[in-house]
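Here's the structure we're looking at; comments come further down.
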2 protein chains.
Amino acid sequence: MERHVDIGDMTGAAYGPGRSTAQRRAVAAAAASFAGAFSADDLAERVRGTDPEISRATVYRSIAAMTASRYITEVGEREGSALYTRCAESGHHHHVVCTGCGATAHTPCPIDVAGAAAAAPDGFVVTSHEVRLYGLCAACSDVARDADGCSCDADAAPTDPATA
Amino acid sequence: MERHVDIGDMTGAAYGPGRSTAQRRAVAAAAASFAGAFSADDLAERVRGTDPEISRATVYRSIAAMTASRYITEVGEREGSALYTRCAESGHHHHVVCTGCGATAHTPCPIDVAGAAAAAPDGFVVTSHEVRLYGLCAACSDVARDADGCSCDADAAPTDPATA
DNA sequence: ATGTATGCAAACAATTTGCACGACC
DNA sequence: GGTCGTGCAAATTGTTTGCATACAT
């Protein structure tokens with residue numbers, strides 16, 4: 001839920017190796033501008049505000065580069081498309097995505113907390129895992145209780161509640 | 001959550017509501033014949049042994065029906081396609097999929113074990129989750145240690161280890 | 001220079017769907 | 001007989017890729 005976005009370093013490459021191009025900088029800035037989760041389309045749409053000429057292929061390639069350099073992380077999916085979030089935290093953890101407003105929050109890895117034994121029965125050795133959590137942020141769950149419109153201020157693209 | 005599926009009752013519909021047709025019975029039997037995880041293609045290929053004329057659309061529609069009736073469960077993915085497994089257990093749990101041979105094993109839900117608090121920080125209410133575990137079964141991890149070929153006997157379609 | 005990034009458009013692949021026909025109850 | 005399931009083939013859709021050009025280093 002917290003935000004550690006250092007905008008202001010958009011003069012150089014905002015993430016990892018690779019060349020610093022106007023498009024890449026624009027995409028990185030757009031990614032950082034989301035308070036929560038965003039899809040490739042959300043990102044593309046937002047980048048168009050900066051660079052209307054940017055191509056979808058470039059957005060996808062930038063997402064791949066940002067994911068590889070851990071500038072962003074895939075946190076779930078919505079309607080068949082992947083959701084990402086800007087995350088500057090190091091260490092193994094996961095994210096909860098608010099299905100109401102797209103806000104995200106960190107969570108410790110439940111598998112680490114539960115212990116390997118629980119996850120690896122019968123001699124299985126767990127080598128990798130994926131944990132995706134969906135829910136409602138404090139603001140959206142208040143709203144849900146009040147049966148009113150969502151009023152939280154996250155500017156991420158809203159998610160279809162049906163997905164939950 | 002409960003199940004009303006009687007295995008061994010392949011004369012009628014092997015799962016849920018809907019009509020009992022030869023194709024549906026063949027698909028259900030094929031699904032049950034896998035020792036571990038299988039993809040839609042794996043299933044289609046195996047069903048062809050019984051009914052070479054079955055269409056891919058029917059396989060997908062049967063998968064949807066079997067998933068809805070909890071006769072099978074989606075347990076992960078491999079190379080972009082979903083993996084399912086036959087599962088007769090009731091109660092909330094997850095599966096580990098062996099990336100070597102496709103074998104599966106049950107595991108308690110790590111999120112339940114870890115406790116809601118860990119998964120739901122900052123006032124978030126977690127409403128749904130997805131947990132996918134990949135690893136190596138006892139046989140495959142032995143093999144990995146011996147740097148030899150996989151000798152486990154699960155007849156599920158092997159999974160690309162790179163996916164892990 | 002030289003190699004990487006971009007754009008465009010075509011390619012891809014898993015899954016879904018419209019439609020007409022045949023099977024189940 | 002009416003409804004649901006099936007087959008075929010075409011459509012969908014998120015994402016990837018080939019290729020020629022433009023740009024960063």
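A note on names: the letters A, B, ... follow the listed sequences, proteins ahead of strands, and every chain is numbered from 1. Hydrogens, waters and symmetry mates are skipped; everything else that's a heavy atom, side chains included, is used. Computed from a predicted model, the values in this text were never measured in an experiment.
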What's the CD-C1' distance between B:E53 and D:dG5, to the nearest Å? 16 Å

Rounded to whole angstrom units, what separation is found between the CZ atom of A:R56 and the P atom of C:dA9? 12 Å

Contact check, side chains of A:V113 and B:V113, non-hydrogen atoms, under 4.5 Å: no

Kindly state which residues belonging to residues 59-70 of chain A come within less than 4.0 angstrom of DNA chain D, counting heavy atoms of the residue only, listed by number. A:Y60, A:R61

Does D:dG14 have its OP1 or OP2 closer than 4.0 Å to a side-chain nitrogen or oxygen of A:S81? no

Tell me the interatomic distance from A:D51, atom CG, to C:dG7, atom C1', rounded to whole angstroms. 11 Å

Would you say B:E130 has more than 12 foreign heavy atoms packed within less than 6.0 Å of its CD? yes

Specify the separation, in whole Å, of atom OH of B:Y84 and atom C1' of C:dA14. 10 Å

Using the 3.5 Å cut-off, write out each protein N or O paired with an N or O of nucleotides 21-25 of chain C and the distance between them.
unit_1 : atom_1 : unit_2 : atom_2 : d
C:dC24 : O2     : B:R19  : NH1    : 3.4

Would A:R46 and A:D41 pass as an ion pair if we require N to O under 4.0 Å? no

Within the pair A:Q23 and C:dG7, is there a side-chain N or O less than 4.0 Å away from OP1 or OP2? yes

How many whole angstroms separate atom CD1 of B:I54 from atom C1' of D:dT6? 9 Å

Rounded to whole Å, how long is the line connecting atom CD of A:E79 with atom C1' of D:dT12? 14 Å

Note: B:D42-B:R78 ion pair, threshold 4.0 Å (strictly below): yes

Roughly how many Å is it from CD in B:E74 to C1' in C:dT15, rounded to a whole number? 12 Å

Would you say A:R24 reaches C:dT4's phosphate, i.e. side-chain N/O to OP1/OP2 under 4.0 Å? no

Under 4.0 Å between a Lys/Arg side-chain N and an Asp/Glu carboxylate O for A:E74 and A:R132? yes

Restricting to non-hydrogen atoms, name the atom on A:F38 and the atom on A:T85 that form the minimum distance, rounded to 0.1 Å. CE2-CA, 3.9 Å

For D:dG7, does OP1 or OP2 lie under 4.0 Å from any side-chain N or O of B:T58? yes

Identify the two heavy atoms, one from B:F124 and one from A:A105, that lie closest to each other, and give their separation to 0.1 Å. CE1-CB, 3.5 Å

Does the structure place the NZ or CZ of A:R86 under 6.0 Å from the centre of the six-membered ring of A:Y71, at an angle of no more than 45° from the ring's axis? yes

Figure out the CG/P separation between B:D42 and C:dT15, and round it to whole Å. 11 Å

Using ring centroids (six-membered ring only for Trp), state whether A:H94 and A:H106 fall under 6.0 Å. no

